[in-house]
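Everything on this sheet refers to the single structure shown next.
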Amino acid sequence: MDFLHYLVTSIPFFIRAAAVTVELTATALAMGMVIGLVFALMKISGRRFWRCIADTYITVIRGTPLIVQLFAIYFGLATIVDFGSFWSAAIALAVHNGAYIAEIFRGGIQSIDRGQMEAARSLGMSYGLAMRRVILPQAFKRVVPPLGNQFIIGLKDSSLAAFVTMKELFGVSMQLASTHFAELQFYTIAGLYYLALVVLFTFLVNRLERRLKIES
């Protein structure tokens, strides 16, 4: 009975928090895709210097917890430039997810037959033009499923933003749970909202994947 009461009365709070969660996740993952693509291209570069930088970034980010990276930016970098909690969390999530997305893009690019690059170059295209017009469009279609998985992980990881005062889903559930002394109820409600967002996002990714298959 208490659960239903809390579920209904907390709807306005959780709806606003869900919007913040989606905004934070979308912003972070959009930046993470740019970061991932840049480092993927660096990792497959013919120059050792760029490959070393990409390897170092991916190794360090994947080898350290997201919460450590989040605190490093919020309590470290943000004391020099005032990002605020939203942008601190968005940057931390972007940097963290960028390392994983870089490997996803690298795998997708390297899965394209090398002959296609050679054919494009033989037609007079520069390396960059061939990559943009021939390789990347095909690679993107192949990386949609793993990118979708990474996006879902990023959505759930956004809950850590609560520890830098963000009022997203988990942050609001922490606040309501401490106010009403009903931890189990509000954390369960937060879990239901996360589940609903993941199901919705999975549906959209599956539709995008089917559409790309039809077009190809």
Side-chain angles (χ1 to χ4, degrees), residues 22-64 66 69-70 72-73 77 81 83 87-158 198 201-216:
V22 171
E23 182 183 4
L24 174 64
T25 304
T27 303
L29 292 177
M31 293 192 296
M33 285 188 67
V34 175
I35 294 171
L37 180 58
V38 170
F39 279 94
L41 293 174
M42 290 169 64
K43 186 153 185 178
I44 62 173
S45 168
R47 297 188 177 183
R48 186 176 179 182
F49 174 74
W50 296 120
R51 293 201 305 272
C52 287
I53 292 177
D55 284 337
T56 302
Y57 162 72
I58 292 170
T59 301
V60 170
I61 296 301
R62 293 176 66 175
T64 54
L66 172 57
Q69 298 157 15
L70 178 60
I73 291 175
L77 188 59
V81 181
F83 293 119
W87 284 107
S88 295
I91 292 170
L93 286 167
V95 171
H96 183 80
N97 283 283
Y100 291 91
I101 294 173
E103 289 289 43
I104 292 172
F105 275 136
R106 180 191 60 77
I109 292 170
Q110 291 183 329
S111 72
I112 305 300
D113 190 278
R114 296 181 64 179
Q116 297 201 32
M117 172 60 82
E118 294 169 0
R121 296 299 299 273
S122 68
L123 292 174
M125 291 187 185
S126 65
Y127 177 84
L129 186 62
M131 188 63 77
R132 288 200 307 274
R133 293 190 176 178
V134 179
I135 305 300
L136 288 181
Q138 298 180 75
F140 179 76
K141 291 180 181 179
R142 295 188 180 184
V143 301
V144 166
L147 271 182
N149 290 333
Q150 190 59 42
F151 286 0
I152 290 170
I153 293 171
L155 173 68
K156 292 185 287 187
D157 283 347
S158 69
V198 167
F201 199 82
T202 302
F203 171 76
L204 294 175
V205 170
N206 289 339
R207 285 203 63 180
L208 175 62
E209 190 178 346
R210 284 198 297 271
R211 183 171 180 178
L212 290 175
K213 283 182 179 176
I214 292 172
E215 288 178 351
S216 62

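Just so it is clear, the structure is predicted and the values come from calculations on it, not from any experiment.
Side-chain atoms of T27 and L93, non-hydrogen and from C-beta on, never get closer than 4.5 Å to each other. Counting heavy atoms from C-beta on, the side chains of F140 and L147 come closer than 4.5 Å. Within the 4.5 Å cutoff, no side-chain heavy atoms of R62 are placed close to those of H96. Side-chain atoms of W50 and K43, non-hydrogen and from C-beta on, never get closer than 4.5 Å to each other.
No salt bridge links E209 with K141; every basic N to acidic carboxylate O contact stays at or beyond 4.0 Å.
The environment of CZ in F201 is crowded: more than 12 heavy-atom neighbours from other residues, nucleotides or ligands sit within 6.0 Å. Within 6.0 Å of CZ in R51 there are more than 12 heavy atoms belonging to other residues, nucleotides or ligands.
If you take CD1 on I58 and CD1 on I53, they are separated by 12.0 Å, rounding to the nearest 0.5 Å. Summarising the geometry, atom OG1 belonging to T56 is positioned 11.0 Å from atom CD1 belonging to I61; distances are rounded to the nearest 0.5 Å. Rounding to the nearest 0.5 Å places CG of L155 at 8.5 Å from CG of L29. Atom CG in L66 sits 7.5 Å away from atom CG in N97 (nearest 0.5 Å). The CD atom of Q69 sits 13.0 Å away from atom CD1 of I91, with the distance rounded to the nearest 0.5 Å. Here CD1 of I135 is found 11.5 Å from CG of L129. Values are rounded to the nearest 0.5 Å.
Of the possible donor and acceptor atoms, none in the side chain of T25 sits under 3.5 Å from a partner among the backbone N and O of V22. Within the 3.5 Å criterion, the main-chain N or O of Y100 finds no donor-acceptor partner in the side chain of Q150. With S45 contributing its side chain and L41 its backbone, the two residues share no donor-acceptor pair below 3.5 Å. Counting only distance, with no hydrogens or angles, the side chain of Y57 and the backbone of F39 share no donor-acceptor pair below 3.5 Å. R142 places a side-chain N or O within 3.5 Å of a backbone atom of S111 that can act as its donor or acceptor partner. Judged by distance alone, with hydrogens and angles left aside, the side-chain atoms of Q116 form no donor-acceptor pair with the main-chain N or O of I112 at under 3.5 Å.
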| query | Are M117 and Y127 close enough, and set up right, to give a side-chain contact (heavy atoms from CB on, under 4.5 Å), and what steps lead you there? | reply | CA-CA 8 Å; M117 172 60 82; Y127 177 84; 3.7 Å; yes
| field | Derivation of the side-chain contact (heavy atoms from CB on, under 4.5 Å) call for M125 and M131 | value | CA-CA 9 Å; M125 291 187 185; M131 188 63 77; over 6 Å; no
| said: Walk me through whether I35 and I101 qualify under side-chain contact (heavy atoms from CB on, under 4.5 Å). | reply: CA-CA 8 Å; I35 294 171; I101 294 173; over 6 Å; no
| Under the side-chain contact (heavy atoms from CB on, under 4.5 Å) criterion, do M31 and V34 qualify, and how do the steps go? | CA-CA 5 Å; M31 293 192 296; V34 175; 5.7 Å; no
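Looking at every heavy atom in both residues, F105 comes nearest to A40 through CB-CB, 3.6 Å. The heavy-atom pair separating V134 from A120 by the smallest distance is CG2-CB, 4.0 Å.
A donor-acceptor contact under 3.5 angstrom links the side chains of Q110 and R106, judged on distance only.
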